[in-house]
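Single-structure report; data block below.
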Amino acid sequence: MGLVQTKVQPLFIGVDGGGSKCRATIYSVDGNVLGTGVAGRANPLHGLAQTFESIEESTRLALLDAGMKESDSRLLVAGLGLAGVNVPRLYQDVVNWQHPFAAMYVTTDLHTACIGAHRGADGAVIITGTGSCGYSHVDDTSLSIGGYGFALGDKGSGAWLGLKAAEHVLLALDGFAVSTSLTDMLLNYFNVTDALGIVENLAGKSSSCYAALARNVLDCANDGDAVAIAIVQEGADYISEMARKLFSLNPVRFSMIGGLAEPLQAWLSADVVAKISETLAPPEFGAMYFAQQEFNKSLSV
């Protein structure tokens, strides 16, 4: 793709950074997509260096896709929607980063996902991917639920499903729990024959490694495995309760985003499913929209 850069028409880049990947999309001032790039995870909870590296790499790839030079990042006004920056210290660390952009505005991935899902209008959103969290914004009131990161929260997420499955299988292999097809699935997935083989593949690994097991856990549940069903239903019940809390603000629209948003719908409560609306734009659009709003405010000061 090619483009023409002018002084009166700034370009914007929206960055959506989470526990598994970082996606950056360059937009013209009127919202047309010029280029997109995808890199590794960008959650400051799991390391600032990795986060900055992924932002820079996804930006580089987006620039190349747009027919621009890597050095043209200095022409971009960036909006960053990142997991983990709900923690004040991490937010400040990112804000203080010597970034490669013309200007940079930072908020949570929840905020930008909500903006994108409803194209700037009020609404509610739940992210169910590697992690899980919810956000609702109506008038001047916002409600944020979860987003505490793997090991401290993320119930109903891909990482949580993988962790719970691994915990049960290890208990089963030690003779403390019933062995089901979930056990065979995990052993076959890692091509190992015992508990220590599983531990070797998972101990100390990132949330994304556990999240990679989620689809397999869902497959076992859909095939009737009682243990997998119990795990998936517990996670889905939590997501349904999260949604109901978000509904307390009476949002006009509600959307679900993330790799598990669609497969989890079959396990959610009917009253929650009935309220789900399609997402109108991706989180990167929300990040770009946020950057546009903040950039325009700075011009009027």
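As the structure is a computational prediction, the values presented were derived from the model and not from experiment.
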Open item on the list: Determine whether a donor-acceptor pair (N or O, by modelled atom type, separation under 3.5 Å) exists between the side chain of S54 and the backbone of C22.
Closed with: no

- [ ] Go through the steps for V169 and L182 under the test side chain to side chain contact (heavy atoms under 4.5 Å, CB included), then give the verdict.
- [x] CA-CA 7 Å; V169 168; L182 200 63; 4.3 Å; yes

Task: Note, L75 side chain near L11 side chain (heavy atom, < 4.5 Å) - done: no

Task: Test item: E70 side-chain N/O and L63 main-chain N/O as donor-acceptor pair under 3.5 Å - done: no

- [ ] For the residue pair V38 and L61, establish whether any side-chain heavy-atom pair is separated by less than 4.5 Å.
- [x] no

TODO: Using a 4.5 Å cut-off on heavy atoms from C-beta on, say whether the side chain of L82 contacts that of D109.
DONE: no

Open item on the list: Would you say T130 and S20 are linked by a side-chain donor-acceptor pair, where the criterion is simply a distance under 3.5 Å?
Closed with: yes

Task: Test log, rule side chain to side chain contact (heavy atoms under 4.5 Å, CB included), inputs Y148 and L45 - done: CA-CA 9 Å; Y148 306 127; L45 281 168; over 6 Å; no

TODO: Could you grab the distance from atom OG1 of T25 to atom CD1 of I13, nearest 0.5 Å is fine?
DONE: 7.5 Å

Task: Side-chain heavy-atom pair N201, Y189 within 4.5 angstrom cut-off - done: no

Task: Between Q233 and D237, a side-chain donor and acceptor under 3.5 Å - done: yes

- [ ] Look only at the side chain of S179 and the backbone of T183, and say whether a donor-acceptor pair between them is shorter than 3.5 Å.
- [x] no

Task: Side chains of T108 and Y135 in contact at under 4.5 Å (non-hydrogen atoms) - done: no

TODO: Indicate yes or no: at least one non-hydrogen side-chain atom of W160 is less than 4.5 angstrom from one of K164.
DONE: yes

Open item on the list: Students often mix this up, so state it plainly: with edges at 30° and 60°, are the rings of W97 and H99 parallel, tilted or perpendicular?
Closed with: perpendicular

- [ ] Please confirm whether the backbone N or O of D139 pairs with a side-chain atom of H137, one donor and one acceptor, at under 3.5 Å?
- [x] yes

Task: Sub-4.5 Å side-chain heavy-atom contact between V232 and L218 - done: yes

- [ ] Could you walk me through whether N86 and L110 pass the side chain to side chain contact (heavy atoms under 4.5 Å, CB included) test, one step at a time?
- [x] CA-CA 9 Å; N86 53 324; L110 262 176; over 6 Å; no

TODO: Look at the rings of Y105 and F295 and say which category their plane angle falls in: under 30° parallel, 30 to 60° tilted, over 60° perpendicular.
DONE: perpendicular

Side chains of residues 256-285: which donor-acceptor partners sit under 3.5 Å, not counting sequence neighbours?
unit_1	atom_1	unit_2	atom_2	d
S269	OG	R244	NH2	3.0
D271	OD1	R244	NH2	3.0
D271	OD2	R244	NE	2.9

Open item on the list: Using modelled atom types and a 3.5 Å cut-off, is there a donor and acceptor pairing between side-chain atoms of S132 and backbone atoms of T128?
Closed with: no

TODO: Looking only at non-hydrogen atoms, find the nearest pair between S58 and A24 and report the distance.
DONE: OG-CB, 3.5 Å

Task: Worked check of side chain to side chain contact (heavy atoms under 4.5 Å, CB included) between R253 and V125 - done: CA-CA 8 Å; R253 300 185 86 254; V125 66; over 6 Å; no

Task: Electrostatic pair D219:R215 at N-O distance under 4.0 angstrom - done: no

TODO: Report yes if some heavy atom in the side chain of S207 is under 4.5 Å from a heavy atom in the side chain of H46; otherwise report no.
DONE: yes

Task: D174 side chain to F176 backbone, donor-acceptor under 3.5 Å - done: no

Open item on the list: Pairing donors with acceptors under 3.5 angstrom, does anything connect the side chains of D225 and S181?
Closed with: yes

